[in-house]
Trainee: 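Mind having a look at this structure? Questions to follow.
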Amino acid sequence: MRKYIALAIGLLSVASWHLAAQIIHVSTPNTSLVFQVQNNKVFQSYYGKHLDATTGIETMGNVFREAYPAFGDGGDKEVALIVTHADGTMATDLVYATHVQGMNGNIQSTTISLKDTKLPFYVDLHFNAYQSEGIIEQWVTIRHSEKGKVKLSQYASSTIGFMADAYYLTHFYGAWAREMHMTEEPLTRGIKSVETKRGIRTTEFENPSFFLGLNQPASEDNGEVVLGALAWPGNFRINFEVDNIEICQMTAGINPYTSDYNLKSGELFTTPRMILAYSDAGKNGASILMHRWARKYNLRDGDKIRPVVLNSWEGAYFDFDAKKLKSMMDGAAEMGVEMFVLDDGWFGNKYPRNNDKAGLGDWQVNKTKLPAGISDLINYAESKGMKFGIWLEPEMVNPASELAEKHPDWIIQRKNNREQLLQRNQLVLDLSNPKVQDFVFGALDDLIKQNPHIAYIKWDANRHIQNFGSTYLPADEQSHLWIDYAKGLESVFARFAQKYPDVILQDCSSGGGRVEYGSLKYAHEFWASDDTDPFERLFIQWGTNHVYPAIATAAHVTKSPNHQTGRETPLKFRFDVAMSGRMGIEMRPDDFTPKELIFAKQAVATYKKIRPVIEFGDLYRIQSPYDADGFASLNYVSADKSQAVWFVYSHEYHQRQEQNLFRVKGLIPNANYRITELNMDSPKASIPCNGKVLSGSLLMNRGIEMEIRKPMDSGVFLLTKVE
Ligand code: DGJ
C-alpha cells in the first residue's frame with residue numbers, strides 16, 4: 001500500500017466527502033483523465049490507462065490536487081494561476097460553475113467552467129480527447145468582468161498529477177547544431193523545470209516536451225509512460241513537482257518569467273495547448289500516438305507526400321548568381337529533385353545581402369546577383385520539372401538595412417539609450433505591434449504576389465530576444481512582450497497558411513530552434529538542425545522523432561567532410577540517414593563524382609518509392625544510437641502493415657565475430673514478407689536472405705545477421721507482404 005494514500009487520507013477531511021460527487025470523465029479508448037466535483041471544488045481524481053467505468057471513484061480518497069489550483073485558495077504547493085485582482089487582492093478561490101461535454105466526430109470535447117467565489121473572475125478548462133489517436137489536448141481560457149485590469153502572473157495550460165512508485169523524466173536538450181539530445185533522470189522531491197527564457201529560438205536548448213516513465217525508467221516497449229508536448233513558440237516552462245505525498249504534479253504552460261499580463265474586463269486570455277499521450281506499451285507506443293495525431297491535426301497537409309528538396313545553403317552560402325543557381329538546378333533536376341530552394345542571400349540592394357552583416361528586412365531581389373529576378377529562376381526550375389522555394393527571415397532586421405533606417409521604432413530594443421546587443425549582426429522586429437505583423441506578412445505576401453509560382457517558404461529566425469523592450473507596448477505593459485510576440489507570430493503564421501494553403505512552409509530557427517507544435521500547426525516541416533553530419537543526425541533525429549513525426553523532419557544530404565564537424569562519411573550513409581526523415585539534398589550537384597551522381601540519382605528514385613511508408617507510417621525504434629554497442633536501427637510500417645522500411649546503422653567498428661542480429665517490429669506475425677535490400681553501393685547484399693520471403697514472426701523474433709560492421713556502414717531494407 002502506498003504511504004501517500006494513508007497520508008492523504010490523514011490530511012484531508014474524510015467527513016467532508018459525503019456530498020454526492022459529480023464525475024467528469026475525459027477519455028479516449030486508451031486513456032482516462034477524471035475529475036470530480038467535491039464541495040463545489042473540482043479535483044483531479046485519476047490520470048492513466050482507460051477506465052471502463054468510474055464507479056466509486058469518489059469514495060477512494062482524494063489524493064490529487066484541484067484541477068486548476070490558484071494562489072490564495074489555501075494550497076501550499078505549485079499553483080496553475082496567480083492573479084492580482086482589480087481591487088489589488090491576490091486570493092482566488094475557483095469553484096465549479098458548470099461543465100459541458102460532447103462528441104464531435106473523433107473528438108470528445110469537454111469544458112469545465114470555474115469561477116471565483118467572490119469576484120467576477122472566470123476560468124474555463126478545455127479538453128479535446130482524440131479518440132482514434134488516444135491524445136488529450138488541454139488549454140485554458142481566462143476572463144473577468146472586474147472593475148479595472150486584472151494582472152495574471154501565472155497561467156498554466158495544464159496541470160496533471162501522476163501517481164506511481166517512482167518517476168523518471170526524459171527531456172530533450174541541446175545547443176546550436178546539437179538539438180534534441182536526450183537525457184533521463186529520476187525525479188526526487190522538489191521541482192524540476194524544463195524551460196526557456198529566450199523568446200525566439202526557444203527549442204534550441206530545451207524542447208517543450210517530455211516523457212515521464214512511471215514506476216520504472218521509460219523503456220521503448222514496456223511500462224507506463226506519459227508523453228507531453230506544449231504547442232507554443234514562445235517561452236515555456238514545464239514543472240515537475242514531486243511532493244510530500246509523492247505525487248508528481250506536472251504544470252506546463254507559458255513561462256511566467258517577467259511576463260505579468262494585464263487583462264482588461266471582457267478580454268479573453270487563451271493559453272497554449274498541452275498535448276498528452278499515455279501509453280502502457282512504453283515510449284514507442286506514445287510516440288506513435290503523437291505522430292498519428294500530429295499528421296492529422298497539427299501539421300499542414302499531413303496526408304500529402306513531401307517533395308525531395310535541394311536547398312542551396314551548404315552548396316553556395318551567400319556566394320551565387322543566377323548562373324550558378326541554374327547550374328545547381330540542372331544537377332538537381334538530373335537527380336530527380338522536385339523542389340529547388342534558394343536559401344539566404346538573394347535580397348537587398350542598398351545594403352546587399354552578401355554576408356550576414358546586411359540586408360535583413362529589405363525583401364527586394366538583389367539586382368546584381370539576380371538581374372532577371374526571381375521569376376527567371378522559377379521559370380528555369382519549372383522548365384526542369386521542379387518547383388521553386390525561397391528563404392526569408394521576416395522577423396529580423398540588420399541595422400545595415402533600409403528597414404532599420406525607416407522604422408527604427410519597429411525594432412525590439414532596450415530603452416534609455418542602452419547599447420543594443422547584436423547576435424549574428426541582427427535585431428528582432430517587434431511582433432507585438434500589429435503594424436509589424438502586417439509588414440512581416442506583407443514581406444511574404446508581396447513576394448508571392450509578384451512570383452505566384454513560389455511553392456515553398458523556408459522561414460528562418462536566427463537570434464533570440466535579448467534587448468527587451470517594445471516602443472509599441474505602453475509602459476505598464478512591457479511585460480506583455482514575450483507573450484504578445486509569440487501570439488503575433490502565430491497570427492502571421494495563421495494568415496499565411498490561410499492565404500497560401502498550397503505553399504509549403506518550413507520552420508527553421510538557426511536549425512532546430514523552432515521545433516514545437518505551436519508553430520508546426522501552420523507549417524509542413526521543420527529544419528531539424530544545422531548539423532547535417534549523418535553521425536550527429538542519428539542522435540538529433542532519434543530524439544526529434546520521439547515527439548515529432550518523420551514527415552516533418554527535414555534531413556539533407558550534404559558534402560563530406562561535413563561543414564560543421566569535419567567528419568568524413570560515405571555517401572550511402574549520408575543518404576541512408578536522410579532517408580529516415582523528409583529527405584533532401586544540400587550541396588552542389590557538381591560536387592558529386594560521376595559515380596556518386598549515379599548513386600544519388602538511384603537513392604532519390606528509391607526514396608520516392610518508399611517515402612509513403614516513411615512519411616505516413618508508424619515509427620518503431622529498435623536500437624538506440626545511445627546504446628553502448630555502436631548500432632542504431634529503426635523501421636517504419638505502413639498503416640495496413642503491408643510494407644515496412646527498415647534502417648540499420650553502424651557507427652562504430654564491430655569486429656568480425658561480433659554477433660549483430662537485428663530484429664524488426666510492428667509486422668503481422670503470421671504474414672510473410674519479402675525482404676529486399678535497397679540503396680546498395682556494392683553488388684553484395686548485407687543480409688544472407690536478400691530477396692527471400694520470411695514470416696513476420698521470424699523477422700520480429702529471430703532477427704537477421706547483417707554484414708553492417710564498419711563505422712558509418714548502413715543498410716536499408718524494404719519488407720513487402722506477400723499473399
Ligand atoms: C540558419 C539556417 O538554419 C540555415 O539552414 C540557413 O538557412 C542559414 N540560417 C541562412 O542564413
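We count ligands from 1, going down the list as the structure has it; atoms in each ligand are counted the same way.
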Trainee: Of His563, His556, Gln564, which is the lone residue that meets side-chain hydrogen bond (donor to acceptor under 3.5 Å, both in side chains) with Thr532?
Mentor: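 In the set His563, His556, Gln564, the residue that makes a side-chain hydrogen bond (donor to acceptor under 3.5 Å, both in side chains) with Thr532 is Gln564.
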Trainee: At a 4.0 angstrom heavy-atom cut-off, what protein residues surround ligand 1?
Mentor: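 Within 4.0 Å of ligand 1, protein side: Trp313, Asp343, Asp344, Trp391, Arg424, Lys458, Asp460, Asn462, Cys508, Ser510, Gly511, Trp527, Asp530.
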Trainee: Can the ring centres of Tyr626 and Trp542 be said to be less than 6.0 Å apart?
Mentor: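 Not close enough - the centres of the two rings lie 6.0 Å or further apart.
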Trainee: Output a table of donor-acceptor pairs, distance under 3.5 Å, between side-chain atoms of residues 591-599 and any protein atom two or more places apart or on a different chain; print 'none' if there are none.
Mentor:
unit_1: Asp591; atom_1: OD2; unit_2: Lys559; atom_2: NZ; d: 3.4
unit_1: Thr593; atom_1: OG1; unit_2: Glu596; atom_2: N; d: 3.0
unit_1: Glu596; atom_1: OE1; unit_2: Thr593; atom_2: N; d: 3.0

Trainee: Should the pair Lys369 and Phe320 be classed as cation-pi, given the thresholds of under 6.0 Å to the six-membered ring centre and 45° from the axis?
Mentor: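 Because its charged atom sits under 6.0 Å from the ring centre and within 45° of the axis, Lys369 does stack over Phe320.
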Trainee: Does Arg495 qualify as a cation-pi partner of Phe441, given the criterion of NZ or CZ under 6.0 Å from the six-membered ring centre and within 45 degrees of its axis?
Mentor: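 Checked: cation-pi criterion met.
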Trainee: Quick check with a 6.0 Å cut-off and a 45 degree axis cone: is Arg537 positioned over the face of Trp527's six-membered ring?
Mentor: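 Relative to the ring axis of Trp527, which defines the angle, Arg537 lies inside both limits.
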